[in-house]
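Following: one structure in structure tokens, then a few remarks.
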There are 2 protein chains.
Amino acid sequence: MAIVERGTGTTARPTIGMVAERAGVSRQTISNAVNAPHRLRPETLAAVRLAIDELGYRPNQAARSLRTQATNVIGCRLLPSNYGGTGGVLDRLLHALCDTARSNGYNLLTFSAKDDDDEIEVYEDLLRRHAVDGLVLTNTHHVDARPDWLNAHDARFVVFGRPWGRRGAQHNWIDVDGAKGTAEAVGYLAGLGHTRIGFLGLPQGIGVGDDRLAGWERQTERLGLPTKGLLARAEDGIASGRALAGQLLAAARPPTALVCVSDAMALGAMRAIEDRGWRSGREVSVVGFDDSPVASVMRPGLSSLRQPIEAVANQLVETLLTVIGGGSPRPVRALVVPRLIVRESTGECHVRRPGAAPAAQRGQSSTSNPETGRSTK
Amino acid sequence: MAIVERGTGTTARPTIGMVAERAGVSRQTISNAVNAPHRLRPETLAAVRLAIDELGYRPNQAARSLRTQATNVIGCRLLPSNYGGTGGVLDRLLHALCDTARSNGYNLLTFSAKDDDDEIEVYEDLLRRHAVDGLVLTNTHHVDARPDWLNAHDARFVVFGRPWGRRGAQHNWIDVDGAKGTAEAVGYLAGLGHTRIGFLGLPQGIGVGDDRLAGWERQTERLGLPTKGLLARAEDGIASGRALAGQLLAAARPPTALVCVSDAMALGAMRAIEDRGWRSGREVSVVGFDDSPVASVMRPGLSSLRQPIEAVANQLVETLLTVIGGGSPRPVRALVVPRLIVRESTGECHVRRPGAAPAAQRGQSSTSNPETGRSTK
DNA sequence: AACGTTCATGTGAACGTTCAAACCACACTC
DNA sequence: GAGTGTGGTTTGAACGTTCACATGAACGTT
């Protein structure tokens, strides 16, 4: 069996015609055996299957694509591993997409691009050449030209990420509910006794940042927790997080916990905490976002909100294949919720406070607590 | 221009025939304009190019593949991001492969696999279906069935990684010279005054581990440095590195520097150093391998050996395309050298020693140094 | 003027598959 | 017994390219 024939130079791989001849039926019957087995009489099917196995036949993808106009390939841009501080989320997505695609009989074509315009150029090339059936977009942002371009060019695609700043976007998308995530983090920290919970966010106008901030705002309000002087925003990054956290912690009434828009910010916050001779998870708790590989490697380990990327990938592929298959019945706009992974960077609040009510504690600095101060140094 | 036509439902993309008609020439002339422009008279070429642009024509990949038997796609297995503690090296490779492939007119098809056998199954599928022209293998190890299988099935491929344990392997490979890297690290540390330089390695029999160990052995011997009691080996991992380093550092005459087979090991070593109340880069220096993202994020930053992955990817693709194009004139077995990225985890040796000779300093524990001890806590 | 050479372009076939329609045998209906 | 399905199989064509070869014009040589 199989097609070894090494040494001859030419490895003639079997075609449908050769299988047909061997099985004593027509080409079309072989095709049916592969694509629509129910059409064949059981005995015929068995005979054909035997011939297929004996010759090791698989349909030539190019020929099939040419005829059916389907390539069984979906494309996805490969982004730099820690692009925009996403902490490996997109890499995880890629792996998950691969798995899901393959189990649906599709392959994943990856490509890189310098920027969005370059990405569109690649799309144009791939689509014109019929090299892919559909595309997965990631890393959406405000004024994103890509979905419109794809719509205008009648391409099949799904998007990981909301159409930030555009209410009535006409494409299918799936995203992680960042607000729900940060809200959960706030709730968890409140459960540990924290009342002054700060937030390190991104500059206004960045979709992801605004979303995650909204969860903190919503939940602090719901729980009646203070927010004044507890919010700081800047570009993403470790240095940035360190600076912001440094400011907040230096205030008269510093936060005892910080929810951060990213793991990078959170790492910076942990450094700021160390800068003051404190320790994350004791004097000040920290929660990051994305559960990047570093989070578990840090010491103390960084509690972080993990995006359910595998679930996202499943939904993306499922939706995309529906669209490719002939149009989705109803538009997909789905939000999946992240999960808080608790590590050592979060702990009980040790700051004694008079009552549960967050009001009227002016002048009572948190540093008056015996647990705080220079206890660790 | 272009092919918008939205709303009609059918977006009839132009074929070579339509372009031919518009330009008033035959199909073959269009084909020549695309594939062998030198054959055309300048005026004809210009006219054809105009028609191509006006219609936005690109050759249908499936049709072209069917005719030419070439898909212009190369395949590569997607490995878990930090597979086997490779610290993101394979992700970097993937990105680089993408870039290089694209600039050569090829696309990259990625797939995942549970294990080597599963990977071979994917190969079989891809090859039988003519879905790829060639493959890039990564993560080679002892008793690796994949190259043999591919050879036996007449596939075109290149390998990133040496054929460990097999002298006369018949395939093209490119690898990073781990030994040269660790040798450089030892040399650098010796230049900083270190004489007792330890090595944290992997269990014997793992190709990468043995290779990197060899560099340490070679260089210490060349420089006349001691090795006794300075080598420890175990499975890769942070916990592992911490334990090994802990042992070495607890000895009567501990090392003042540690070269590690991986960044994970190095991170563990840094923890062991902290465990003793010391600080990496002061009492004990540490060098990792792979320059994973964590290395630059750690505090202190981890000095590490960076693999020149982009150069590797270039060579891999170049070699593979030669093989695909019709056989390489001479076999490629190339080693490229890593580069030491210096960060804060390496510093001058502060241990006073009687002379340059590493002998006879028994009883003189490194903690007798003013810089050491409980200075940091 | 007849001939070979070169260059530019055209013609028919082929790559391997699946689609649409045709065919055939058989069963069921009236 | 003619008409109507129906499941199983075959037939010819088509998908959009490029290959191998044919054609024809232009040019220089003998």
Side-chain angles (χ1 to χ4, degrees), chain A residues 3 10-49 51-52 55-73 105 127-131 133 326, chain B residues 3 10-49 51-52 55-73 105 127-131 133 326:
Chain A
I3 39 168
T10 48
T11 307
R13 300 197 206 272
T15 70
I16 204 171
M18 297 158 78
V19 182
E21 197 176 0
R22 181 169 196 116
V25 295
S26 71
R27 292 189 318 273
Q28 185 59 37
T29 301
I30 310 298
S31 177
N32 284 336
V34 174
N35 301 305
H38 62 274
R39 287 194 199 153
L40 269 58
R41 235 182 34 237
E43 313 110 72
T44 320
L45 183 57
V48 170
R49 290 230 164 110
I52 287 177
L55 294 176
Y57 167 78
R58 304 274 172 106
N60 179 308
Q61 185 61 48
R64 172 180 269 181
S65 295
L66 179 58
R67 184 68 252 229
T68 62
Q69 308 282 34
T71 62
N72 276 35
V73 172
L127 292 172
R128 288 246 176 94
R129 282 170 42 213
H130 279 88
D133 291 340
Chain B
I3 39 166
T10 48
T11 307
R13 299 197 208 272
T15 70
I16 204 171
M18 297 158 78
V19 182
E21 197 176 1
R22 181 169 196 116
V25 295
S26 71
R27 293 189 318 272
Q28 186 59 39
T29 301
I30 309 299
S31 177
N32 285 335
V34 174
N35 301 305
H38 62 273
R39 286 195 199 153
L40 269 57
R41 239 187 24 241
E43 309 106 86
T44 320
L45 183 58
V48 169
R49 290 232 163 109
I52 287 177
L55 295 176
Y57 168 77
R58 303 277 172 104
N60 178 309
Q61 185 60 48
R64 170 180 269 181
S65 295
L66 178 58
R67 185 67 251 232
T68 62
Q69 309 282 37
T71 61
N72 276 34
V73 171
L127 293 172
R128 289 246 176 93
R129 281 170 44 214
H130 278 88
D133 292 339

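Numbered from 1 within each chain, the chains take letters A, B, ... in sequence-line order. What you are looking at is a predicted structure, and each value in this text was computed from that prediction instead of being measured.
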Exercise. Take N35(B) and R64(B) through the side chain to side chain contact (heavy atoms under 4.5 Å, CB included) test and state the conclusion after the steps.
Key: CA-CA 11 Å; N35(B) 301 305; R64(B) 170 180 269 181; 2.8 Å; yes

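Taking only distance into account, the side chain of Q69(B) never meets the base of dC15(C) through a donor-acceptor pair shorter than 3.5 Å. Between the base of dA8(C) and the side chain of R41(B) there is no donor-acceptor pair shorter than 3.5 Å.
Atom pair H38(B):NE2 and dC7(C):C1' shows a separation of 11 Å (rounding to whole Å applied). Distance N60(A) CG to dA14(C) P: 18 Å, rounded to the nearest Å. Note: CG (N32(B)) to P (dG10(C)) measures 10 Å, nearest angstrom. The distance between atom CD1 of I16(A) and atom C1' of dT18(C), rounded to the nearest whole Å, is 8 Å. Following rounding to the nearest Å, R27(A) (CZ) and dA13(D) (C1') show an atom-to-atom distance of 10 Å. Distance, L66(A) CG to dA14(C) C1': 12 Å, rounded to whole Å. Between the CD atom of Q28(A) and the P atom of dC23(C) there is a distance of 16 Å, rounded to whole Å. Remark: P of dC15(C) and CZ of R129(B) are 21 Å apart, rounded to the nearest angstrom.
Remark: S31(B) is in phosphate contact with dT18(D), judged by side-chain N or O atoms under 4.0 Å from OP1 or OP2. OP1 or OP2 of dT9(D) has at least one side-chain nitrogen or oxygen of T44(A) nearer than 4.0 Å. OP1 or OP2 of dT18(C) lies within a sub-4.0 Å distance of a side-chain N or O belonging to R64(A).
Shortest non-hydrogen contact noted between A33(B) and L45(B) is CB-CD1, 3.9 Å.
Counting heavy atoms from C-beta on, the side chains of I16(A) and P59(A) never come closer than 4.5 Å. Annotation: side chain of T44(B) is in contact with side chain of R41(B) (closest heavy-atom distance under 4.5 Å).
Pairing for dT29(D) is with dA2(C), a Watson-Crick or G-U wobble pair whose two hydrogen-bonding atom distances lie under 3.5 Å.
Along DNA chain C, the nucleotide nearest to R67(A) and the one nearest to R39(B) differ in position, and the one closer to the 5' end is contacted by R39(B).
Contact annotation for S65(B): no contact, since no heavy-atom pair falls under 4.0 Å across all strands. The residue T29(A) sits close to a base: some heavy atom pair falls under 4.0 Å.
Taken from CZ in R13(B) to OH in Y57(B), the straight-line distance is 13.5 Å, to the nearest 0.5 Å.
Of all nucleotides listed (dG10(C), dT10(D), dG8(D)), dT10(D) comes nearest to the side chain of S26(A).
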